[in-house]
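Report on one structure; see the data block that follows.
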Amino acid sequence: MTRETPANKGSGLLALLLDVFDVPVVVRVGTTLVKIGWINLHEGRAVLELDPEDMEVAVEDLVLDSVTAARSIAATREAAPGGT
């Protein structure tokens with residue numbers, strides 16, 4: 001789906017989901033919601049094409065969450081008696 005075409009004017013499975021739920025269709029990547037740009041059928045499966053800009057934000061959030069978690073684990077280990 002191009003940026004010029006609004007999501008609610010599409011056709012196919014994504015348009016059906018928009019009609020049924022009457023809200024934008026999204027998926028969760030980590031803690032970030034990412035819009036679905038298009039749904040394609042490929043080898044008998046529905047493939048969700050995610051919005052590139054939303055996906056970029058989701059990846060940045062995942063990296064930051066991973067770094068934060070790693071620092072927290074390291075700090076907890078150092079603070080524990082006999083920590084390594």
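As a basis for the values below, the full set of heavy atoms in this structure was taken, side chains included, without hydrogen atoms, waters or symmetry mates. Only a predicted model underlies this, so the values are computations on that prediction, with no experimental measurement involved. Just so you know, residue 1 is the first one in the sequence shown, and it goes up from there.
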Does the pair Ile36 and Leu50 meet the rule for a side-chain contact (heavy atoms from CB on, under 4.5 Å), with working shown? CA-CA 5 Å; Ile36 297 173; Leu50 304 178; 4.2 Å; yes

Suppose the criterion is side chain to side chain donor-acceptor pair (under 3.5 Å): which pairs have a residue in residues 65-74, not counting sequence neighbours?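 Passing the test, one end in residues 65-74: no pairs.
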
Considering non-hydrogen atoms only, spot the tightest contact between Met55 and Val34 and give its length.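 Closest approach of Met55 to Val34: N-CG1, 4.0 Å.
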
Of all heavy-atom pairs between Ala46 and Leu41, which one has the smallest distance, and what is that distance?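 Looking at all heavy atoms of both residues, the shortest contact is CA-CD2, 3.9 Å.
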
Side-chain donor or acceptor of Asp54 paired with backbone N/O of Lys35 under 3.5 Å: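 The answer is yes, because a donor-acceptor pair under 3.5 Å joins these two groups.
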
Among Thr31, Val29, Thr32, Val57, exactly one meets side chain to side chain contact (heavy atoms under 4.5 Å, CB included) together with Leu62. Which residue is that?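 That would be Val29.
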
In the hydrophobic clustering (ILVMFWY, side-chain contacts below 4.5 Å, transitive), which residues join Val26, or is it alone?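 Joined to Val26, directly or through intermediates: Leu33.
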
